[in-house]
A.B. asks: 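Provided herewith is a single structure, encoded as structure tokens, for subsequent inquiry.
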Amino acid sequence: MDRFILNIIHRPEMVPEYAEKVTGHGKEEDLSRDSLLTESLDIFKTQQSIAHKHGFKTTIQMTYASLFNEEAVQLAKEHHETYGDEIGLTLLGLPCEEFHEKYKTKDFCIWMFSMEDKKAIVTDVFEKFHDRFGFYPQSTGSYYMDAPLIQYIKTQYPTVKCAVATCWEEGPKAYHTCNNSWYTLFDGGPWNPWIPSKQNTHAPAENEEQDAGIVAIPHLSRDLIACFDGNGSNFGTHPQNVLRGMIYHDGQYPYLYNLIDQYRHLKRYNRGYAYNMMFVGPGWMNKMGRWEAPYELLLKSYEDAMAYYAQLREQGELEDMTMAEFADFFRETKTYTRPECAIWRDILYGSEKQLFWYADPYLRTCIDMNQGGALVDLRPYAAKIEWEVGIGTRHVQDASYPFLIQEKYRAGYFTHYAGEGTVKSCKVVYNGEEVDLCLCRTKAHFSEDGDTRILTLDPVEIEFHDLSVVIQTIFRFQEGSSAIGIERHILEMSCPEAEIELLEYFTGCYGTTEYPEDMTGIVLSCGSPEEEKRIEYAYKCREEEVEDAKEASVLIPQIHTRARVWAEEEVSAYIREGYAFSPMYTLGLKKTMKNKEVLRSWLKVEKAD
């Protein structure tokens with residue numbers, strides 16, 4: 001396969017996000033004002049015209065408000081007949097006079113409503129769509145859709161086969177850069193299309209039994225470094241994201257094209273398949289301008305982006321599909337257990353930073369080559385954590401999938417004062433000196449061996465007082481195994497007879513934000529067939545160690561997750577409990593090593609019950 005697929009999605013929001021405040025000039029709120037509706041529809045027409053001029057078909061996701069507008073409905077019908085556009089239905093764009101009158105609320109995020117209201121709204125919107133078009137849609141979406149909502153839609157409206165289901169890393173980082181006012185928290189999902197499980201939208205299905213029945217796509221294709229480090233809303237292939245991030249000069253934005261090309265490059269890691277999407281509402285091209293950019297630049301950026309896509313298509317490098325077409329393609333070509341992989345390099349700040357992202361139905365993880373190949377993000381998809389969202393649930397706003405490791409919210413290796421942050425790495429010890437591989441920058445190379453994806457890091461050299469050691473790390477991801485294999489090769493020592501000690505460690509916790517959760521109830525254990533030691537977490541700084549051990553593990557009942565580390569060679573295993581100022585836990589393996597030896601260890605996440 002050698003295919004780069006593009007989804008172009010437009011929505012005729014009659015009352016686009018923010019537009020009432022932007023265009024109102026302090027007037028009393030009036031969501032039916034003619035000037036607002038006319039301008040919004042004109043922008044939608046402009047977006048459609050640009051796409052069609054370049055020969056692209058789009059997915060028109062009708063909003064609830066647009067279903068009451070005769071011109072918007074007729075436009076959708078005409079564009080479907082003339083250009084082959086798909087007519088879908090989005091659960092964004094709910095606010096309008098009719099919605100406010102019926103539901104008596106200013107809430108507009110479908111996932112935040114009570115389940116009772118979700119069902120009522122879905123029925124209302126889908127039946128109104130059927131009244132206007134005579135059929136039910138094949139695609140829908142929102143910024144986020146929790147699993148019970150998807151299941152209800154699929155049960156009631158089985159024609160739906162594709163949905164915009166989450167926004168990649170739209171969590172606390174975005175919340176903070178929106179003045180602590182953007183209550184949409186859904187970190188932890190895949191960055192590329194996936195088949196969601198019935199238990200949790202973020203976690204891909206392992207098999208047909210878990211299959212929620214739709215293909216999910218992300219809301220925008222994001223920069224997998226810039227969004228991890230900062231606010232995702234500034235770094236996406238939606239051209240107005242790039243303008244909002246101020247990543248342009250003199251009306252030019254090479255970063256946008258570099259970002260699109262990065263997504264094209266992902267074919268290298270995914271057996272010839274790559275994906276990109278643009279999901280655009282009218283509010284981004286407001287006539288008054290947005291994000292300190294005039295309307296003329298907003299318009300130009302969209303025209304230029306579409307022209308670049310057209311150029312790629314003419315070169316045979318791209319093909320466009322509607323959402324329903326893409327869902328069919330994805331079902332035909334993707335197996336449940338096939339992972340999504342990405343070596344992503346910094347294209348914005350000029351560093352040589354490299355991250356490797358990996359996601360399958362069992363886990364999502366990120367490996368940072370700037371930290372010697374440390375795991376800096378780990379989500380236990382194997383647990384399929386049921387996490388209902390909305391009014392009446394335990395999570396009114398927070399839809400994130402919990403992490404075991406997340407360096408941005410739980411410090412990582414580089415802590416400010418005391419204690420430890422979450423990270424999976426390795427320490428090298430010699431004559432009382434200790435060096436963590438987190439301090440050793442390297443680069444990664446991707447390869448495959450059958451169903452095993454291999455990440456080979458360039459060797460790093462560690463200098464002790466009177467010894468230098470060259471170590472190479474190799475990660476192995478065996479499809480369908482839910483385990484990560486980690487090899488530490490001692491390639492060279494300045495003193496061949498010397499002995500060093502490797503400490504392969506995993507420091508973790510759990511949570512969805514930077515604030516600590518209650519660790520009470522977590523159980524740490526390590527042992528061999530002859531001996532096992534346990535610690536029930538009580539913030540007491542306790543440690544235990546077993547020689548000639550089989551493994552070290554942690555049970556986190558709060559998120560129904562177990563994580564285990566073990567080695568193929570004979571090792572000592574240890575566990576360490578944290579304390580209130582540093583509420584983490586550590587699982588570790590120790591091995592005395594000589595020149596040319598290899599430590600082969602494994603990390604596995606599992607559902608605990």
A.B. asks: Within a 6.0 Å radius of atom CD on E448, are there more than 12 heavy atoms belonging to other residues, nucleotides or ligands?
C.D. replies: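 Buried by this count: over 12 neighbours within 6.0 Å.
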A.B. asks: State, without any angle test, whether N192 and W168 hold a side-chain donor-acceptor pair at a distance under 3.5 Å.
C.D. replies: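 Their side chains do not contain a donor-acceptor pair, so the 3.5 Å distance test is not met.
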A.B. asks: Please confirm whether the backbone N or O of I559 pairs with a side-chain atom of T561, one donor and one acceptor, at under 3.5 Å?
C.D. replies: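 Present.
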A.B. asks: If you measure from CE on M323 to OG1 on T58, what distance do you get to the nearest 0.5 Å?
C.D. replies: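 Spacing of CE (M323) from OG1 (T58) equals 11.5 Å.
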A.B. asks: With R313 as the cation and F56 as the aromatic partner, state whether NZ or CZ is under 6.0 Å from the six-membered ring centre and within 45° of the axis.
C.D. replies: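 Checked: cation-pi criterion met.
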A.B. asks: Does D328 pair with R331 as a salt bridge, N-O distance under 4.0 Å?
C.D. replies: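 The answer is no: the pair does not qualify as a salt bridge.
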A.B. asks: For D377 and R379, which heavy atoms make the closest approach, and how far apart are they?
C.D. replies: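 What the structure gives for the nearest pair is OD2-NH2, 3.0 Å.
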A.B. asks: Can you sort out the partners of F126 under ring-ring contact (aromatic ring centres under 6.0 Å, His included), two or more places apart, ordered by chain and number?
C.D. replies: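 If we apply the ring-ring contact (aromatic ring centres under 6.0 Å, His included) test to F126, skipping adjacent residues, the hits are Y157.
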A.B. asks: What closest approach, in Å, do V215 and F330 show between heavy atoms, and which atom pair accounts for it?
C.D. replies: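 Result for this residue pair: CG1-CD2, 3.8 Å.
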A.B. asks: Among all residues two or more places apart in sequence or in another chain, which pass the salt bridge (Lys or Arg N to Asp or Glu O under 4.0 Å) test with K198?
C.D. replies: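 Partners of K198 by the salt bridge (Lys or Arg N to Asp or Glu O under 4.0 Å) criterion come out as none, since no residue qualifies.
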A.B. asks: Between T512 and P402, what is the shortest heavy-atom contact and its length?
C.D. replies: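 It is CG2-CA, 3.8 Å.
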A.B. asks: Under a 4.0 Å threshold between the charged nitrogen and the carboxylate oxygen, would E319 count as salt-bridged to K57?
C.D. replies: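 Between E319 and K57 there is no salt bridge, as every charged N stays at least 4.0 Å from the carboxylate O atoms.
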A.B. asks: Can you tell whether the side chains of D451 and R271 come within less than 4.0 Å, N to carboxylate O?
C.D. replies: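 Salt bridge: yes.
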A.B. asks: Closest heavy-atom contact between A563 and L404?
C.D. replies: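 Smallest heavy-atom distance, with atoms named: CB-CD1, 4.3 Å.
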A.B. asks: For residues 336-348, pull every pair meeting salt bridge (charged side-chain N to carboxylate O under 4.0 Å, His left out), keeping only residues two or more places apart or in separate chains.
C.D. replies: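 Qualifying pairs: K334-E340.
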A.B. asks: Distance alone, cut at 3.5 Å: any donor-acceptor contact between the side chains of Y336 and D360?
C.D. replies: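 On atom types as modelled, these side chains do not qualify, holding no pair under 3.5 Å.
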A.B. asks: Rounded to the nearest 0.5 Å, how far does CE of M306 lie from CD1 of I8?
C.D. replies: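 Here the rounded value is 4.5 Å.
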A.B. asks: Looking at T333 and F329, would you say the former's side chain and the latter's main chain have a donor-acceptor pair under 3.5 Å?
C.D. replies: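 Yes: the side chain of T333 pairs with the backbone of F329.
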A.B. asks: Quick check for you: to the nearest 0.5 Å, what is the distance between E386 atom CD and N200 atom CG?
C.D. replies: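 If I round to the nearest 0.5 Å, the distance is 8.5 Å.
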A.B. asks: Any salt bridge between D117 and K119, counting N to O under 4.0 Å?
C.D. replies: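 No, no charged N to carboxylate O under 4.0 Å.
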A.B. asks: Can you name the nearest heavy-atom pair linking V396 to M112, along with the distance?
C.D. replies: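 So the minimum-distance heavy-atom pair works out to O-CG, 3.8 Å.
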A.B. asks: Rounded to the nearest 0.5 Å, what's the gap from OG1 on T59 to CD1 on I87? Could you check?
C.D. replies: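 Those atoms lie 10.5 Å apart.
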A.B. asks: Are the side chain of N179 and the backbone of S181 linked by a donor-acceptor contact shorter than 3.5 Å?
C.D. replies: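 Not at all, since once roles are kept as given, no pair shorter than 3.5 Å links the two residues.
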A.B. asks: Distance-only, no hydrogens or angles: does the T422 side chain make a donor-acceptor pair with backbone N or O of Q406 under 3.5 Å?
C.D. replies: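 Pair found, side chain donor or acceptor close to backbone of Q406.
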A.B. asks: Considering only NZ, NE, NH1 and NH2 on the basic side and carboxylate oxygens on the acidic side, decide whether E388 and R394 come within less than 4.0 Å.
C.D. replies: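 Judged by the 4.0 Å cut-off on N to carboxylate O distance, E388 and R394 do not form a salt bridge.
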A.B. asks: Quick check: W284 with H238 (ring centres under 6.0 Å apart)?
C.D. replies: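 Yes; W284 has its ring centre under 6.0 Å from that of H238.
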A.B. asks: Is there a donor-acceptor contact under 3.5 Å from the side chain of N7 to the main chain of M321?
C.D. replies: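 Checking the backbone N and O of M321 against the side chain of N7, a donor-acceptor pair under 3.5 Å is found.
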A.B. asks: Using side-chain heavy atoms (C-beta onward) and a distance below 4.5 Å, is Q354 in contact with I343?
C.D. replies: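 Touching, per the 4.5 Å side-chain cut-off.
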A.B. asks: Could you measure the distance from the CZ atom of F44 to the CD atom of Q47? Nearest 0.5 Å is fine.
C.D. replies: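 Here the interatomic distance stands at 8.0 Å.
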A.B. asks: Can you give me the closest heavy-atom contact between S233 and R222, atom names plus distance?
C.D. replies: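 Distance-wise, the nearest heavy atoms are CA-NH1, 3.5 Å.
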A.B. asks: Using only atom types and a distance under 3.5 Å, with no angle test, would you say the side chain of S142 pairs donor to acceptor with the backbone of M145?
C.D. replies: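 It does not hold such a pair.
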A.B. asks: Under a plain distance cut-off of 3.5 Å, with no hydrogens placed, do S40 and E13 share a side-chain donor-acceptor pair?
C.D. replies: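 Judged by distance alone, the side chains do not pair up.
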A.B. asks: Test W344 against every option in Y269, W191, Y263, F235 by the ring-ring contact (aromatic ring centres under 6.0 Å, His included) rule and name the one that passes.
C.D. replies: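 Looking at Y269, W191, Y263, F235, the match for W344 under the ring-ring contact (aromatic ring centres under 6.0 Å, His included) is Y263.
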A.B. asks: Any donor-acceptor pair under 3.5 Å linking the side chain of T90 with the backbone of G141?
C.D. replies: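 Side chain of T90 to backbone of G141, a donor-acceptor pair under 3.5 Å: yes, one is there.
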A.B. asks: State which residue, out of D229, D368, D187, fulfils the salt bridge (charged side-chain N to carboxylate O under 4.0 Å, His left out) condition with K408.
C.D. replies: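 Among the candidates, only D229 passes.
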A.B. asks: Check whether the ring centres of F326 and Y275 lie less than 6.0 Å apart, and answer yes or no.
C.D. replies: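 F326 vs Y275: aromatic centres under 6.0 Å.
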A.B. asks: May I ask you to decide whether E317 forms a salt bridge with R264, counting only side-chain N to carboxylate O separations under 4.0 Å?
C.D. replies: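 Looking at E317 and R264, the cut-off is met.
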A.B. asks: Hydrogens and angles aside, do Y309 and D320 bring a side-chain donor and acceptor to less than 3.5 Å of each other?
C.D. replies: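 No, no side-chain donor-acceptor pair sits under 3.5 Å.
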A.B. asks: Is it the case that the side chain of H202 and the backbone of A399 share a donor-acceptor pair, with hydrogens and angles ignored and the cut-off at 3.5 Å?
C.D. replies: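 Yes, the answer is positive, given that a donor and an acceptor are paired below the 3.5 Å cut-off.
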A.B. asks: Whether the side chain of T415 engages the backbone of A411 through a donor-acceptor N/O pair (distance < 3.5 Å, no angle test) should be reported.
C.D. replies: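 Absent.
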A.B. asks: Any side-chain donor paired with an acceptor under 3.5 Å for Y362 and K604?
C.D. replies: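 No donor-acceptor contact under 3.5 Å links the two side chains.
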A.B. asks: Answer yes if the side chains of E514 and H176 hold a donor-acceptor pair under 3.5 Å, and no otherwise.
C.D. replies: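 Yes.
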A.B. asks: Can you see whether F446 has R268 sitting over its ring - NZ or CZ less than 6.0 Å from the centre and within 45° of the normal?
C.D. replies: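 That pair does not qualify as a cation-pi contact.
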A.B. asks: Regarding K384 and S197, is there a side-chain donor-to-acceptor distance under 3.5 Å anywhere?
C.D. replies: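 There is no such pair (donor and acceptor under 3.5 Å, judged by atom type) between the side chains of K384 and S197.
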A.B. asks: Can you confirm if the aromatic rings of F477 and Y358 lie within a centre distance of less than 6.0 Å?
C.D. replies: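 Ring-ring flag for Y358/F477: true, centres closer than 6.0 Å.
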A.B. asks: Ignoring hydrogens and geometry, is there a side-chain-to-backbone donor-acceptor pair from Q61 to H10 under 3.5 Å?
C.D. replies: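 Pair absent, no side-chain N/O of Q61 close to backbone of H10.
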A.B. asks: Do E86 and S139 have a side chain donor and acceptor closer than 3.5 Å?
C.D. replies: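 Yes, S139 and E86 have a side-chain donor paired with an acceptor closer than 3.5 Å.
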A.B. asks: For a side chain to side chain contact (heavy atoms under 4.5 Å, CB included) check, start with the C-alpha distance between Y248 and L297, then their side-chain angles and the critical distance, and finish with the verdict.
C.D. replies: CA-CA 10 Å; Y248 64 94; L297 184 56; 3.5 Å; yes
A.B. asks: In terms of side-chain geometry, is the basic nitrogen of R453 or E479 positioned less than 4.0 Å from the acidic oxygen of its partner?
C.D. replies: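 Between E479 and R453 there is a salt bridge, with a charged N closer than 4.0 Å to a carboxylate O.
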A.B. asks: Do T201 and D146 pair up side chain to side chain, a donor and an acceptor below 3.5 Å, judged on atom types alone?
C.D. replies: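 Judged by distance alone, the side chains do not pair up.
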A.B. asks: Side chains of Y175 and N231 only: does a donor on one sit below 3.5 Å from an acceptor on the other?
C.D. replies: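 The criterion, which ignores hydrogens and geometry beyond distance, is not satisfied for N231 and Y175.
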